[in-house]
Amino acid sequence: MQSQIYYTYLFASQSGTLYVGVTNDLQRRMREHKSGQIEGFAKKYGVNKLVYYEEHQYIEDAIAREKQIKGWGRKKKLALFREVNPKWQDLSANWFKK
């Protein structure tokens, strides 16, 4: 039996607004953001570019990490993903191409 994977992620907008969240299906969540299906902060600010994510075996760990990152200042959040994604590329850019 395959265990569930949970994700802590950072989305960004073109203007640099950041959004931190948790999901058990990163592709579904990204599709929801790109299509504007989710009302609230992310839709209001156009936060639909995946710039960073982490995998976790347990939901409690993913939520704890989300809370930790949300407690950080912008500078520390930027440092987190700039190590692996310095150009702010959309890591999901090829997921939905036909």
Quiz item: Quick check: are there more than 12 heavy atoms from other residues, nucleotides or ligands sitting under 6.0 Å from CD of Glu55?
Solution: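 Yes.
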Quiz item: Does atom OH of Tyr7 have more than 12 heavy-atom neighbours, drawn from other residues, nucleotides or ligands, at distances under 6.0 Å?
Solution: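 Count over threshold, so yes.
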Flag side-chain contact, heavy atom, 4.5 Å: [X] against [Y]:
X	Y	answer
His33	Tyr19	yes
Asn24	Ile59	no
Tyr52	Leu80	yes
Gln57	Ile5	no

Exercise. Apply side-chain contact (heavy atoms from CB on, under 4.5 Å) to Leu50 and Tyr9, showing your working.
Key: CA-CA 7 Å; Leu50 178 65; Tyr9 59 84; 4.0 Å; yes
Quiz prompt | Test side-chain contact (heavy atoms from CB on, under 4.5 Å) applied to Met30 and Phe11, step by step | solution = CA-CA 9 Å; Met30 196 68 243; Phe11 290 164; 3.4 Å; yes
Self-check item: Distance (rounded to the nearest 0.5 Å) between Asn48 CG and Gln14 CD
Solution: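 Those atoms lie 7.5 Å apart.
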Quiz item: So how far is it from Asp61 CG to Glu66 CD, rounded to the nearest 0.5 Å?
Solution: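 If I round to the nearest 0.5 Å, the distance is 13.0 Å.
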Self-check item: Any donor-acceptor N/O pair, Thr17 side chain to Ser13 backbone, under 3.5 Å
Solution: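 Answer holds: no.
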Practice problem: Would you confirm whether Thr8, through its side chain, and Arg65, through its main-chain N or O, come within 3.5 Å as a donor-acceptor pair? | Solution: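 No.
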Starting from [Y], can I reach [X] by hopping between I/L/V/M/F/W/Y residues whose side chains sit under 4.5 Å apart?
X	Y	answer
Val22	Val20	no
Trp72	Val51	yes
Trp95	Val47	yes
Leu26	Leu10	no

Quiz prompt | CA sep, side-chain torsions, deciding dist, call: Arg28, Thr23, side-chain contact (heavy atoms from CB on, under 4.5 Å) | solution = CA-CA 9 Å; Arg28 175 189 47 79; Thr23 187; 3.3 Å; yes
Self-check item: side chain to side chain donor-acceptor pair (under 3.5 Å): pairs with one or both residues in residues 78-90, sequence neighbours excluded
Solution: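 Listed once each, the pairs are Lys34-Asp90, Asp90-Ser92.
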